[in-house]
Amino acid sequence: MSERSDFTDGRGYGDRGNRRDRYDRYDRGYDRDERSDRSGYRDDGGRGYDRGGRGYGRDRDFSGRRGGYDRGGRGYDRGNRGYDRDNNRGYGDRREDDREGRYDRSYNQDRSYGRDRRDQGYDRGGRGYGRDRDFSERRGGYDRGGYDRGNRGYERDNNRGYGDRREGDREGRYDRGGRGYNRDRGYNRDRRDRGYERDGRDRDYRHEGRRHDKGPRTGTLSDLVDYLHVLDNRPYGAYRDTVGHYRASEGWMLHVDYVQPDPYAPPTRIRIQAPADLPGLKLLQDADLTSTRDRRIAVGDFLTRELHRGFRGTNLSIASPGQEILERCSVIVSAPADADDDADAPATDGAATDASPTTDQQGDEILDLFTVLTESDEDADAGTGEDAVPATTSSESAGTDLDEAVDGSAADTFAAAIGSTEPTDLTGEDDVAQEPGSPTDEGEAPEESAPSASAATDSDTEADADADAVQSTGKREAPAGSGVVIEIRARVALPARGRSIRGREAANIFSHDLTREINAALDLTGERGERLLEHIAALEDHRALTQAVLDNGWVAFLADDSVLPRRSGVSDAPMEEGAIALTAPDSLAATVTLPHAGEVRGTAIGSGVTLVVGGGYHGKSTLLSAIERGVYPHVPGDGRELVATVPDAIKVRAADGRAVTGVDLTPFISHLPGDRDTASFTTTNASGSTSQAASIVESIEAGTSALLLDEDTSATNLLIRDARMRTLVSDDQEPITPFVDRVGALAEAGVSTVLVMGGSGDYLDVADRVLLLDSYVLHDATERAVEVTAAQPRETTALVDFPMQTPRVPLPSQRTQRGPVRTRSRGTDTLTLDREDIDISDVAGVVESGQAEAVAYALRALLEQRFDGESTLAQCLEDLDALLDDEGLDALDRRPAFLVRPRMVDVAAAVNRYRRLKLA
């Protein structure tokens with residue numbers, strides 16, 4: 001009976017169920033031991049009570065009541081329970097003129113309630129009610145679902161001082177507005193007026209007179225803002241009603257794909273789709289900035305940085321970029337319908353060198369699958385007519401402007417077009433994704449779990465949203481203009497107070513924060529447009545420089561005036577003051593011509609063995625780090641924009657405790673105590689020298705063409721073994737063959753090495769060139785090194801061959817343990833697959849947390865879908881790379897927002913460090 005307490009006022013009057021005998025509680029004085037005389041207790045066979053003089057009016061007739069006192073199904077039938085209590089308890093004759101003190105509670109036998117069950121009303125007699133009432137016309141009776149108490153006028157001429165409560169004496173207690181009290185004090189329970197309902201779900205707490213329907217699935221952004229105001233202070237789960245599509249007045253579309261179930265879950269997933277024909281994006285068409293894949297990647301990377309800067313201090317978030325320009329899924333720029341991705345790379349004539357001009361190359365045409373959904377072929381043809389961006393244009397001179405498309409003859413050899421098999425839609429008909437467990441968060445992917453009941457409900461509502469969207473528009477339209485669409489994927493943490501919605505704050509996020517930053521980022525005019533052109537120029541120049549490195553057989557190229565030192569050990573930003581720019585020695589200088597930078601002079605590091613020497617703190621490791629990061633293009637102002645390295649270069653180091661599975665270590669470790677086999681060595685806790693030897697062999701298997709090593713992070717006993725140690729410990733006692741004996745043969749096999757060495761001169765004999773750093777100034781010390789080795793010769797220990805690893809065949813891996821499905825990363829150091837952590841802190845090629853997360857998803861895809869026990873690891877990696885070329889990063893997860901495309905050599909490194917890896 002607790003539900004009736006809602007209609008009890010502060011003094012306890014109102015519903016009888018919660019009254020606790022507050023009415024006429026003077027002195028009931030029941031003598032419960034005197035119940036033996038109950039001759040009239042069941043007078044008519046019924047169970048009704050006749051309460052006689054207990055404050056009820058005299059001579060009442062309830063003959064029409066058959067149902068008696070029906071308490072909502074509890075079946076009270078209080079027949080003729082006549083109490084005659086003229087006993088010592090002091091019950092006097094209760095007359096109208098004797099209301100003080102004790103009452104005569106004798107129940108007359110003729111006061112029995114006539115039990116005509118047709119009327120189920122409960123007559124409360126004279127218990128404070130007006131006398132001589134007639135309830136014979138009550139058909140609805142006392143029904144718990146809806147009270148009908150008629151004229152509930154209290155006439156209390158007693159000590160309590162209750163006067164006649166007419167309409168003029170309400171005092172705000174009985175006319176409660178929308179709570180269902182009518183003016184004659186009766187509970188008129190017509191449910192149309194939204195009165196009290198038993199289950200409590202439809203209570204109108206805000207007295208708005210109605211409940212709002214669920215939020216709009218399609219509409220304008222202002223509709224979403226209005227509905228968020230309505231949701232204020234409601235349970236947090238009501239946010240799920242906002243899943244849908246909302247068009248902004250500026251022309252872009254907001255998609256709310258998935259709403260977090262509670263305030264502590266991963267943030268809500270949103271997307272913004274904007275056609276490239278918006279007024280602020282006119283530069284994209286005027287400067288032809290979407291015609292090649294590289295330009296689209298640069299535009300997406302630039303917009304990610306603009307939005308990341310603008311979202312700071314708000315509940316909005318987007319992927320956090322570093323100093324590198326990378327292929328990201330945070331902002332995706334679709335290709336024009338007639339784009340030819342053979343023109344992705346800059347013109348090779350613009351990347352030519354004075355020593356070795358680059359030959360033209362023409363690859364096969366790549367179909368970009370990220371197309372705009374159209375209703376018919378005629379619509380598609382119309383969308384790619386005169387306004388379509390031309391496929392390619394040729395550059396007639398080096399340093400061409402960005403408004404001229406570059407020649408496609410120098411296709412980038414290590415990257416392919418980005419795309420998606422899922423169509424892009426600006427009309428709101430795109431399907432709404434329901435992903436209750438995905439990545440999350442900045443830098444860390446959320447845990448995945450089995451779909452719950454609420455998730456199933458969300459999926460159903462999302463399907464309804466799609467159907468409503470198609471119905472509202474009538475058809476699926478293609479974007480106007482060239483068909484280029486910019487899709488922004490972000491996250492928003494919906495605000496809460498405890499577990500209640502803060503609707504006004506949420507409305508402010510969408511109406512002010514999101515709108516302001518999206519409109520600002522999509523306004524590519526003025527200074528922002530100039531910075532975008534510089535951003536694209538930096539990427540295209542690096543692509544051309546990388547092609548020149550490959551064509552000339554170099555390992556790396558470092559342009560003059562490059563700033564290599566970094567601000568600190570924890571910052572990748574350039575040093576602001578005191579940095580010395582790099583200048584190439586004349587003997588190592590080369591000149592290349594780039595599309596935008598023009599003719600550039602710099603240091604060319606050729607193939608073979610390159611030794612970097614110098615005193616401590618003079619810049620040796622800084623130079624190696626710049627070469628290591630040269631596999632990626634850098635943003636303008638980084639200082640390393642024109643530093644390029646072969647794309648598959650790998651830095652290897654010692655990593656104590658890492659797992660090694662089935663690696664042929666015989667080139668470096670011939671035998672082990674206990675006659676353990678090293679031809680297929682497996683351990684879960686490798687030592688420093690063993691781990692580095694395994695990394696070298698694994699890198700060669702993955703297809704690297706350049707190894708980078710630093711003595712500071714290497715195992716000394718693997719790098720060198722001088723003459724004195726060789727004399728003390730004979731070869732049959734020492735199982736390790738030092739790298740100095742193998743590096744020459746490795747170079748003959750096509751794998752170059754750049755090694756920083758400051759503590760041993762043994763490598764001077766095998767080095768093809770020696771670079772000396774003195775106070776950050778680079779010198780060519782090759783001739784001086786030859787003189788030193790001639791003056792101080794040592795015994796030759798170099799070996800003429802390098803045994804290659806037999807290609808390994810990995811077996812598929814299926815989940816066998818119960819528990820949540822986890823695919824995530826923690827920074828750039830650790831991956832997590834279910835319950836297994838994979839340490840990749842020694843994989844230097846992973847430079848952003850988005851890359852680490854993408855590596856985790858790629859590893860799961862290989863283990864569960866590609867490894868078949870027949871294909872080699874290299875073949876599986878090649879297939880994965882082709883899949884990313886065709887479908888983009890969406891092939892790894894459903895609409896990810898924080899993934900960054902990794903290199904396949906880095907994915908191979910993660911596979912090799914997976915402790916549960918099984919081989920055929």
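Just the heavy atoms: all of them, side chains too, but no hydrogens, waters or symmetry mates, feed the values below. Starting from 1, each residue takes its place in the sequence as its number.
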For Glu787, does the CD atom have more than 12 heavy-atom neighbours from other residues, nucleotides or ligands under 6.0 Å away? yes
State whether the number of non-hydrogen atoms from other residues, nucleotides or ligands found under 6.0 Å of Met804 atom CE is greater than 12. yes
Lys/Arg-Asp/Glu bridge criterion (N-O < 4.0 Å) met for [X], [Y]:
X	Y	value
Asp762	Arg721	no
Asp842	Arg653	no
Glu848	Arg328	yes
Arg531	Glu306	yes
Asp648	Arg903	no
Arg296	Asp301	no
Asp722	Arg724	no

Here's a test for you: under side chain to side chain contact (heavy atoms under 4.5 Å, CB included), which of Ile332, Leu532, Leu524 qualifies with Leu303? Leu524
Donor-acceptor pairs under 3.5 angstrom involving side-chain atoms of residues 557-564: please list them, not counting sequence neighbours.
residue: Asp560; atom: OD1; partner: Ala584; partner atom: N; Å: 3.0
residue: Asp560; atom: OD2; partner: Arg601; partner atom: NH1; Å: 2.5
residue: Ser562; atom: OG; partner: Ala559; partner atom: O; Å: 2.8

Using modelled atom types and a 3.5 Å cut-off, is there a donor and acceptor pairing between side-chain atoms of Tyr763 and backbone atoms of Leu719? yes
So Arg901 and Asp906, salt bridge (Lys or Arg N to Asp or Glu O under 4.0 Å) or not? Walk me through it. CA-CA 11 Å; Arg901 184 165 179 173; Asp906 297 325; over 6 Å; no
Give me the ring orientation class for Phe802 and Phe668: parallel if the planes are under 30° apart, tilted from 30 to 60°, perpendicular past 60°. perpendicular
Decide whether Arg658 and Ser691 meet the rule of one side-chain donor and one side-chain acceptor closer than 3.5 Å. no
Run the side-chain donor-acceptor check on residues 627-635: report pairs under 3.5 Å with partners two or more places apart or on a different chain.
residue: Arg629; atom: NH1; partner: Glu324; partner atom: OE2; Å: 3.0
residue: Arg629; atom: NH1; partner: Asp572; partner atom: OD2; Å: 3.1
residue: Tyr632; atom: OH; partner: Gly845; partner atom: O; Å: 2.7
residue: Tyr632; atom: OH; partner: Gln851; partner atom: NE2; Å: 3.1
residue: His634; atom: ND1; partner: Tyr632; partner atom: O; Å: 3.1
residue: His634; atom: NE2; partner: Glu324; partner atom: OE2; Å: 3.4

